[in-house]
Peer 1: 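Can you keep this structure in mind? I'll have questions shortly.
Counting convention: from 1, in listed order, for ligands and their atoms alike. The structure displayed is predicted, hence computed values, not measured ones.
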Amino acid sequence: MERKVHIYADETLQRYVENAFSHDPSLHVYNDPSLTILPGFCDVHVHFREPGFSYKETIRTGSLAAAHGGYTAVCTMPNLNPVPDSLEHLQEEMKCIAKDAVIDVYPYGALTRGEKGEAMADLREMTPYVIAFSDDGHGVQSEEMMRSVMKKAASLHKIVAAHCEVNALLGGSCIHDGAYARAHGMKGISSASEYEEVRRNIRLAEETGCSLHICHVSTKESVQLVREAKRKGIDVTCETAPHYLIFTENDLQDEGRWKMNPPLRTEEDRKALIQGIQDGTIDCIATDHAPHSIEEKSRGLKGSAMGVAGLETAFPILYTYLVKKNIISLRRLMELMAYHPRSRFHIPMEGFAVFNLNETVQIHSEDFLSKGRATPFENMSVNGVCEAVYTKGKIVWQKKKY
Ligand code: DOR
């Protein structure tokens with residue numbers, strides 16, 4: 001068959017795509033010169049809420065939303081009920097994944113029991129089944145506890161993915177400690193609450209030899225700390241999320257869809273994050289897809305739950321606002337969204353997404369397959385429509401049914 005669709009990929013994926021097209025005639029409708037094939041994206045930071053909070057999201061709705069966004073692999077954070085802090089608890093999540101996931105879903109195990117930061121989780125027994133360990137949603141406050149879990153994770157050859165947050169420096173707020181907070185008489189979350197724990201965790205990684213991945217970096221100081229650590233040869237990587245690359249506290253409105261943790265920071269922070277994705281300091285873009293019910297997100301900035309849906313907007317937003325504006329290349333975006341997350345977390349390359357990169361659409365959260373509808377990108381015009389996602393021998397999502 002003459003190849004008309006553009007395959008934007010390395011040789012391995014090229015072969016994978018050729019093979020898929022030759023075995024699956026239902027793919028032939030995508031052999032169209034207006035379409036581009038991209039490697040299946042991999043998000044190392046999502047919240048799928050099951051078990052425990054399936055009114056917010058399930059493995060089914062979350063993984064379908066991921067496929068809709070062009071993802072073929074995600075890693076699910078452990079702030080669940082029960083928290084996967086033992087093999088028995090982890091098995092509850094694994095059962096849901098085995099039954100309902102439409103793409104590869106790799107669970108994290110918790111670092112501490114109940115993510116309370118007080119006693120170590122059963123890291124050893126969970127090791128064969130988890131992608132890495134994290135207490136995401138909470139910083140591990142005790143240095144002694146973090147040192148112990150990092151030593152243990154290092155002995156098990158597992159990465160610690162750290163949510164970095166010093167509770168004592170939070171200031172009891174939900175937005176950045178900056179101009180918006182001052183103008184509206186609100187308390188703010190200091191940048192130090194993030195970067196002081198980034199600093200400590202890098203020091204502990206150096207001391208213990210643990211592989212460290214820093215979650216959702218949002219401040220310029222954190223970027224600089226990671227840059228320096230990499231220069232020193234410390235085994236540290238990090239991620240940021242699309243909203244921190246596009247928005248700042250100046251964009252805040254008193255609506256739940258602007259509320260996430262960490263909060264939107266300043267223009268200086270945003271610029272430092274952009275530099276970080278350009279110069280390789282930041283390894284991955286993860287969405288921190290954190291769906292909540294419509295009611296939980298309807299109580300303004302002060303009363304809403306923290307977190308926004310991200311899987312179905314990440315690629316078109318980043319393609320439109322970073323690639324089309326020549327801030328990074330499409331190649332670099334694929335490193336950040338597909339290749340580096342997989343190489344860092346040893347996730348095999350799998351599947352591909354078919355995109356129409358020229359079509360313009362408006363983002364409407366009512367089109368999401370996720371139960372989470374809160375997005376700061378609502379109504380924005382973007383390029384990049386996902387037409388189909390193929391993985392493990394079949395089409396798992398397609399826009400039009402043929
Ligand atoms: O905004 C957030 N939402 N940040 C977190 O750290 C946790 C997450 C959630 O689970 O909702």
Peer 1: In terms of relative ring orientation, are Phe345 and Tyr108 parallel, tilted or perpendicular, with 30° and 60° separating the classes?
Peer 2: perpendicular

Peer 1: Hey, do the aromatic rings of Phe377 and Phe247 have their centres closer than 6.0 Å?
Peer 2: yes

Peer 1: Run through all N or O atoms in ligand 1 and write down each protein N or O closer than 3.5 Å, as a pair with its distance.
Peer 2:
| unit_1 | atom_1 | unit_2 | atom_2 | d |
| --- | --- | --- | --- | --- |
| ligand 1 | 1 (O) | Asn261 | N | 2.9 |
| ligand 1 | 1 (O) | Gly307 | N | 3.3 |
| ligand 1 | 3 (N) | Met306 | O | 3.1 |
| ligand 1 | 4 (N) | Asn261 | O | 2.8 |
| ligand 1 | 6 (O) | His163 | ND1 | 3.4 |
| ligand 1 | 10 (O) | His47 | ND1 | 3.4 |
| ligand 1 | 10 (O) | Arg49 | NH1 | 2.9 |
| ligand 1 | 10 (O) | Asn79 | ND2 | 2.7 |
| ligand 1 | 11 (O) | Arg49 | NH2 | 2.8 |
| ligand 1 | 11 (O) | His292 | NE2 | 3.1 |
| ligand 1 | 11 (O) | Met306 | O | 3.1 |

Peer 1: Can you tell me how the ring of Phe315 sits relative to the ring of Tyr319, calling it parallel under 30°, perpendicular over 60° and tilted otherwise?
Peer 2: parallel

Peer 1: Please collect all ring-ring contact (aromatic ring centres under 6.0 Å, His included) contacts where either partner lies in residues 116-164, sequence neighbours excluded, each pair once.
Peer 2: His163-His216

Peer 1: Would you say the ring centroid of Tyr180 lies under 6.0 angstrom from that of His176?
Peer 2: no

Peer 1: Taking 4.0 angstrom as the limit, do Arg199 and Glu196 come out as a salt bridge?
Peer 2: yes

